[in-house]
Amino acid sequence: MKILFISPRYSGGIGGHAAMLASQLQKSKIQVDFVDPPKIPIKNLKNPSFVITSSVSSFFKGSYDIAHGFNVPSAFAMKTARAKKRVLSIHGVFSDQVNALHSSALGDTAKSAEQNALKWADKLTTDSKMTQKTYKERLGVDFEYLPSPIDAEKLDGISDVEKKDKQIVYVGRDSYEKGIDILRGIESQIKGNVVYCTNLPWEKAMSTLKSSSMLVVPSRMESLPTVVKEAFYLKIPVVATNVGGIPELVTSKTGVLVPPEDPQTLLSEINSILEDKERAKKLTHEAFDFVNKNMTWNFWLPKYVEFYKKLLE
């Protein structure tokens with residue numbers, strides 16, 4: 001089986017998932033090649049330039065069994081690729097994300113591109129049941145649920161680090177939808193030290209996470225954040241907003257959910273967990289058990305392989 005992966009990047013978010021998936025498939029003796037063309041390094045021109053360069057690159061890559069695009073900008077190259085079947089994965093509702101980050105005019109363009117892109121794929125996949133449900137209700141399209149698991153082996157390889165008492169960590173982009181400004185707004189009232197991992201290599205971010213007392217996810221919108229699963233595996237308590245697919249991971253047993261855009265409740269829960277170590281320990285035990293059973297590649301890789309095989313039948 002030969003699969004062509006197409007993504008604007010292969011780190012962080014859905015791009016990081018694509019890289020992990022490729023690595024796992026290659027271990028299963030499935031050939032995975034990548035479309036990774038140059039892009040104009042300017043914020044509002046990156047995706048448009050990627051659409052053009054990736055479409056040309058994918059056509060000249062050769063013939064494949066499957067072209068798998070990750071997120072809507074990859075759909076154009078997925079369509080032009082010479083492949084028997086086409087898969088498009090979207091994590092979170094694409095047009096909603098564009099609307100939140102850009103102008104309404106760009107949001108309308110994104111919505112049109114999104115609707116076309118969904119028609120070009122033979123199969124659509126997403127990592128959260130929330131996204132699956134939203135697309136079904138809005139556009140009547142069916143997505144297959146295939147979440148992004150964690151690489152337990154790589155996490156086991158993170159070196160032991162000294163625990164830093166009452167260290168709170170944020171891991172993610174410095175971006176509006178991630179709510180980093182909300183955390184910064186209450187930072188002076190937190191009874192601990194906040195560390196921001198916004199642009200670190202994965203190993204360094206995981207080392208910082210492992211040394212911390214808590215992960216805070218103050219997002220305004222999300223799909224199914226990998227960092228929450230990683231915190232679960234590393235037995236770090238999680239306080240997160242009740243948005244997107246987060247409640248599929250964070251429940252009253254595995255962590256603490258707070259309303260979005262509610263800094264005072266977020267502050268109260270952060271300080272409460274910092275003080276109540278017994279509660280924190282109980283949450284991390286349940287969270288580790290959940291992610292170890294349900295969100296590792298040992299569990300999901302066979303399902304991905306079966307998904308591709310069925311697509312080609």
Side-chain angles (χ1 to χ4, degrees), residues 5 7-21 47 68-75 87-102 107 110-111 113-114 117-118 121 123-139 141-151 170-180 202 215-233 238-251 254-255 257-261 287 290-291 294-297 300 303-304 307:
F5 273 21
S7 179
R9 60 179 184 163
Y10 294 96
S11 63
I14 194 170
H17 165 62
M20 284 195 292
L21 174 56
N47 278 344
H68 191 157
F70 294 84
N71 218 347
V72 169
S74 302
V87 177
L88 181 63
S89 295
I90 302 177
H91 292 184
V93 181
F94 178 73
S95 54
D96 286 358
Q97 294 167 345
V98 175
N99 257 327
L101 297 175
H102 303 284
K111 186 175 291 187
E114 175 184 58
L118 299 180
K123 280 287 185 179
L124 300 165
T125 79
T126 189
D127 66 333
S128 79
K129 294 175 182 176
M130 177 281 302
T131 303
Q132 183 185 48
K133 180 174 181 285
T134 301
Y135 274 112
K136 182 65 175 178
E137 289 175 349
R138 288 188 187 178
L139 301 175
V141 293
D142 294 312
F143 277 72
E144 187 141 347
Y145 172 66
L146 286 172
S148 175
I150 55 167
D151 192 329
Y170 169 94
V171 181
R173 294 190 303 278
D174 187 348
S175 183
Y176 173 81
E177 82 275 16
K178 296 294 184 180
I180 189 172
W202 181 83
L215 171 74
V216 176
V217 183
S219 300
R220 292 179 169 93
M221 58 175 56
E222 279 288 356
S223 190
L224 202 73
T226 297
V227 70
V228 170
K229 293 168 259 181
E230 291 165 336
F232 282 4
Y233 192 82
V238 175
V239 176
T241 48
N242 186 6
V243 297
I246 289 178
E248 297 168 32
L249 300 172
V250 181
T251 67
T254 61
L257 279 177
V258 300
E261 303 273 12
F290 166 80
V291 78
N294 300 290
M295 287 290 169
T296 66
W297 283 109
W300 279 103
K303 298 181 187 298
Y304 272 92
F307 166 78

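Residue numbers run from 1 in the order of the sequence given.
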Short question: side chain of [X], backbone of [Y] - any donor-acceptor pair under 3.5 Å?
| X | Y | answer |
| --- | --- | --- |
| Tyr304 | Leu146 | yes |
| Thr131 | Val93 | no |
| Lys229 | Leu249 | no |
| Glu114 | Val72 | no |
| Trp202 | Gly12 | no |

Do you see a donor-acceptor pair shorter than 3.5 Å between the side chains of [X] and [Y]?
| X | Y | result |
| --- | --- | --- |
| Asp127 | Ser148 | no |
| Ser74 | Ser7 | no |
| His68 | Ser89 | yes |

Smallest separation among heavy atoms of Thr241 and Pro259, with atom names: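 Looks like CG2-O, 3.9 Å.
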Looking at Lys178, I want to see if its NZ is surrounded by more than 12 non-hydrogen atoms of other residues, nucleotides or ligands under 6.0 Å.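 Enclosed.
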If you measure from [atom1] on [X] to [atom2] on [Y], what distance do you get to the nearest 0.5 Å?
| X | Y | atom1 | atom2 | value |
| --- | --- | --- | --- | --- |
| Thr126 | Lys133 | OG1 | NZ | 13.5 Å |
| Phe94 | Ile14 | CZ | CD1 | 10.5 Å |
| Ile180 | Arg220 | CD1 | CZ | 11.0 Å |

On the 0 to 90° scale, with breaks at 30° and 60°, tag the His17-His91 ring pair as parallel, tilted or perpendicular.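 Aromatic pair His17/His91 classed tilted.
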Under 6.0 Å from the ring centre and within 45 degrees of the ring axis: does the NZ or CZ of Lys136 meet both conditions for the six-membered ring of Phe143?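 Output no; distance or angle outside limits.
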Criterion side-chain contact (heavy atoms from CB on, under 4.5 Å) on Thr251 and Phe290, from CA distance to verdict: CA-CA 11 Å; Thr251 67; Phe290 166 80; over 6 Å; no
Decide yes or no on side-chain contact (heavy atoms from CB on, under 4.5 Å) for Met295 and Phe232, but give the supporting numbers first. CA-CA 10 Å; Met295 287 290 169; Phe232 282 4; over 6 Å; no
